[in-house]
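Read the numbers this way: they start at 1 and go in the same order the structure lists the ligands and their atoms. Since the structure is predicted, the reported quantities are computational estimates derived from the model, not experimental observations.
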Amino acid sequence: MKDGKTLVLGIETSCDETAAAVVADGREIISNVIASQIDVHRVFGGVVPEIASRHHLIAVNEIAAEAMGEISPAEIDAVAVTEGPGLVGAVLIGIATAKSYAYAWGKPLVGVHHIRGHICAALLETKELEPPFLSLVVSGGHTSIVDVAGIGEMTVIGSTRDDAAGEAYDKVAHVLGLGYPGGPLVDELARSGDPDAIAFKRVMLEAGSLDFSFSGIKTGVMNFMNTERQAGREPNAADVAAGFQQSVIDVLTAKTMMALERTGRKNLTVCGGVAANSALRARMKKACEEKGIGLYIPSPILCTDNAAMIASAGYFAFEAGERADLYLDAHAALELD
Ligand code: KG4
Ligand code: ZN
């Protein structure tokens, strides 16, 4: 199994997925186990932090054992774990687990920034992809454009000033009565809608800004629904979903293309949960083809939270000499650069 390769066990518990994975040399997935808590949180319409922590605690050792499979602890070179940003109690469970393994096995411990993990997901599927490249990170908690000069050299050049794109998807899904998590449901419903039937605002902020604002579009959809319902009309939900989605994707694509032009980067990765969105994937593909940009979007299972991406980022940090000690702490907020 080992074959002279560096094996990293990754652990991810920052939100509602308990995940563990073993990755070889930062690029080859040996195992990738994900236990989703979606069914637990669905009745509440969103992730309940305390319940998430408890479920991580119940599941994490079993998930890690499944990821290890036949691999013996002696073959593992380092244990990598998400240290933030995320739900602090949830992150803490992963950290305590990773520390225990690292201590018991006598292995180095590496703390990983969750977004650095999302960005490294693209490296798992495209072995030849090397920095520099630009990365659009779109998830439930983050929307940022990151210039990746090197794996250890990431600079945020634009980010949301309010809601993340995924958060807007989830809230719009709620208004449409679609359930939780909303992103995939809006994605699905939008396929049968007309994206031009209802025009929602595109918030571009100041000319040339690479920042985002998605709270306005979310409120715009809510106001539209309220006004229509008060007038006794029930809008076509598929048209609302398609119109909302088109507006979000217009902004994401325009800003990303602007960032590519400004940085001169020739390759783009799109990652994070919203990168699983079918319409965003199709639009980015078209825009990148027109501009001669290489586009790398991980498979949907590597876009949403997983531990293979944490093991990959952990490998590169480990190779760069980064080590955490047993005082490693969980952070609800953590700067990438
Ligand atoms: O990266 P992720 O799993 O967790 C965070 O780090 O936030 O992203 C979760 C987010 C949720 O808001 C979810 O609704 C959204 O990603 N999402 C999608 C799709 N699949 C997941 N949004 C739009 N279309 C999808 N197909
Ligand atoms: Zn994430």
Side-chain angles (χ1 to χ4, degrees), residues 10-19 21 32 34-38 41-42 45-47 49 52 56 81-88 90-91 94 112-122 135-144 146 159-160 163-176 178-191 193 195 214 217-218 241-242 244-249 251-252 269-284 297-310 312-313 331-334 336:
I11 296 176
E12 153 66 38
T13 62
S14 69
C15 192
D16 60 346
E17 262 91 31
T18 313
N32 188 23
I34 305 167
S36 173
Q37 301 178 6
I38 282 176
H41 299 286
R42 185 172 284 123
V47 179
H56 285 311
V81 62
T82 303
E83 60 176 311
L87 303 171
V88 76
V91 177
V112 174
H113 191 290
H114 183 76
I115 298 305
R116 193 176 293 268
H118 272 303
I119 292 171
C120 285
S135 199
L136 172 67
V137 184
V138 266
S139 75
H142 308 269
T143 301
S144 306
V146 181
S159 59
T160 184
D163 291 355
E167 208 175 335
Y169 265 95
D170 292 338
K171 286 183 179 154
V172 165
H174 183 73
V175 177
L176 293 177
L178 296 181
Y180 165 85
L185 301 169
V186 173
D187 187 355
E188 178 67 36
L189 182 63
R191 274 175 225 187
F214 291 113
I217 168 97
K218 175 195 71 188
F244 156 76
Q245 178 161 281
Q246 172 146 290
S247 140
V248 170
I249 293 175
V251 174
L252 289 173
T269 72
V270 185
C271 47
V274 183
N277 183 270
S278 58
L280 177 63
R281 296 170 86 94
R283 178 78 75 80
M284 282 292 174
I297 312 182
S299 305
I301 192 68
L302 291 176
C303 286
T304 45
D305 288 348
N306 65 87
M309 68 185 199
I310 301 302
S312 172
H331 301 277
L334 191 62
L336 180 64

Atom indices of ligand 1, in the order listed, that fall short of 4.0 Å to a heavy atom of [X]:
X      : result
His118 : 1 (O), 6 (O)
Gly166 : 12 (O)
Gly141 : 7 (O)
Gly273 : 1 (O), 2 (P), 8 (O), 16 (O), 17 (N), 18 (C), 19 (C), 20 (N), 21 (C)
Thr304 : 3 (O)

Kindly compute the distance separating [atom1] ([X]) from [atom2] ([Y]), expressed to the nearest 0.5 Å.
X      : Y      : atom1 : atom2 : result
Asp305 : Glu12  : CG    : CD    : 5.0 Å
Ile119 : Ser312 : CD1   : OG    : 11.5 Å
Arg42  : Gln37  : CZ    : CD    : 12.5 Å
Cys15  : His56  : SG    : NE2   : 7.0 Å
Arg191 : Ser278 : CZ    : OG    : 4.0 Å
His41  : Tyr180 : NE2   : OH    : 6.5 Å

Pick, from [options], the option with the minimum heavy-atom distance to [atom].
atom                    : options                        : result
atom 6 (O) of ligand 1  : His142, His114, Lys171         : His114
atom 15 (C) of ligand 1 : Asp187, Val274, Leu280, Val138 : Val274
atom 10 (C) of ligand 1 : Ser36, Gly140, Gly117          : Gly140

Could you identify the N, O or S atom of Asp305 positioned closest to the Zn ion (ligand 2)?
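That would be atom OD1.
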So, of the N/O/S atoms that His114 has, which is the nearest one to the Zn ion (ligand 2)?
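This turns out to be NE2.
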Between Phe244 and Tyr169, what is the ring plane arrangement, given parallel below 30°, perpendicular above 60°, and tilted in between?
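Judged by the thresholds at 30° and 60°, the geometry between Phe244 and Tyr169 is perpendicular.
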Provide, to 0.1 Å, the distance between [atom] and the closest protein heavy atom, together with that atom's residue and name.
atom                    : answer
atom 13 (C) of ligand 1 : Asp170 OD1, 3.8 Å
atom 24 (N) of ligand 1 : Asn277 ND2, 3.0 Å
atom 3 (O) of ligand 1  : Asp305 N, 3.0 Å
atom 22 (N) of ligand 1 : Gly183 CA, 3.3 Å

Does one side chain, of Gln245 or Ser247, offer a donor that lies under 3.5 Å from an acceptor on the other?
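No donor-acceptor contact under 3.5 Å links the two side chains.
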Is there a donor-acceptor pair under 3.5 Å between the side chain of Asn306 and the backbone N or O of Leu302?
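A pair under 3.5 Å: yes.
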Could you tell me whether the side chain of His113 and the main chain of Ile115 form a donor-acceptor pair under 3.5 Å?
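Flag set: sc His113 to bb Ile115 pair under 3.5 Å.
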Strictly under 2.8 Å, is the Zn ion (ligand 2) approached by any N, O or S atom of His118?
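It does: His118 brings an N, O or S atom closer than 2.8 Å to the Zn ion (ligand 2).
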